[in-house]
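Bear in mind the structure is a predicted one, so any value in this text is a computation, not a measurement.
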Amino acid sequence: MGALDHFSYLFDCSSGRSKYRKRKQLQTVEIKVKMDCEGCERKVKKAVEGLKGVQQVNVERKASKVTVVGYVDPGRVVARIAHRTGKRAELWPYIPYDVVEHPYAPGVYDRKAPSGYVRNSQDPQISQLARASSTEVRYTTAFSDENATACAIM
């Protein structure tokens, strides 16, 4: 970009929009949509494939999950699925079971989640659950059945 282009960009009063648009980044968007049959699956896939910037669409009917790869806005993809199919769509609310510190805490564990996943919750009350300190761990393991010297301590 030359100096003349830079100055003309700064002092351009002809229109409210700049001709230099911020380009969207390639991203993967995961969406939860309830699909019962192959017809629902085709309808969802067809609705997403028509969106500008979509490069790949992967539909997992059993997990009720749609994965979209491309230069797209996640909110726009969700709105498009909801409008075109009439189904309730939301961003994928689950994360792998191994990532969460307390997978069985209230608000995190979800019976409807696919196997191996729990609900992604950024609730501050859940994240403040107490972790056992090193002294607590020492005392609880000292009197466990797995400790061979537990009788000597008592």
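- Under the 4.5 Å side-chain heavy-atom criterion for grouping Ile, Leu, Val, Met, Phe, Trp and Tyr, Met35 is connected to Leu51 within one hydrophobic cluster.
- Exactly one of Val57, Thr67, Val59, Val33 qualifies for a side chain to side chain contact (heavy atoms under 4.5 Å, CB included) with Val48. That residue is Val57.
- The closest side-chain heavy-atom distance from Val29 to Val72 is below 4.5 Å.
- Residues Gln56 and Val68 form no side-chain contact, since every pair of their non-hydrogen atoms from C-beta on lies 4.5 Å or further apart.
- Scanning for side-chain contact (heavy atoms from CB on, under 4.5 Å) contacts around Gln55 gives Leu26, Tyr71, with sequence neighbours left out.
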Solution key, residues 73-88 side-chain donor-acceptor pairs under 3.5 Å, sequence neighbours excluded:
residue	atom	partner	partner atom	Å
Arg80	NE	Ala47	O	3.2
Thr85	OG1	Ile81	O	2.5
Thr85	OG1	Lys87	N	3.3

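- Legend: side chain to side chain donor-acceptor pair (under 3.5 Å) pairs involving residues 26-49, not counting sequence neighbours, sorted by first then second residue: Glu30-Lys65, Lys32-Tyr94, Lys34-Asp36, Glu41-Arg61.
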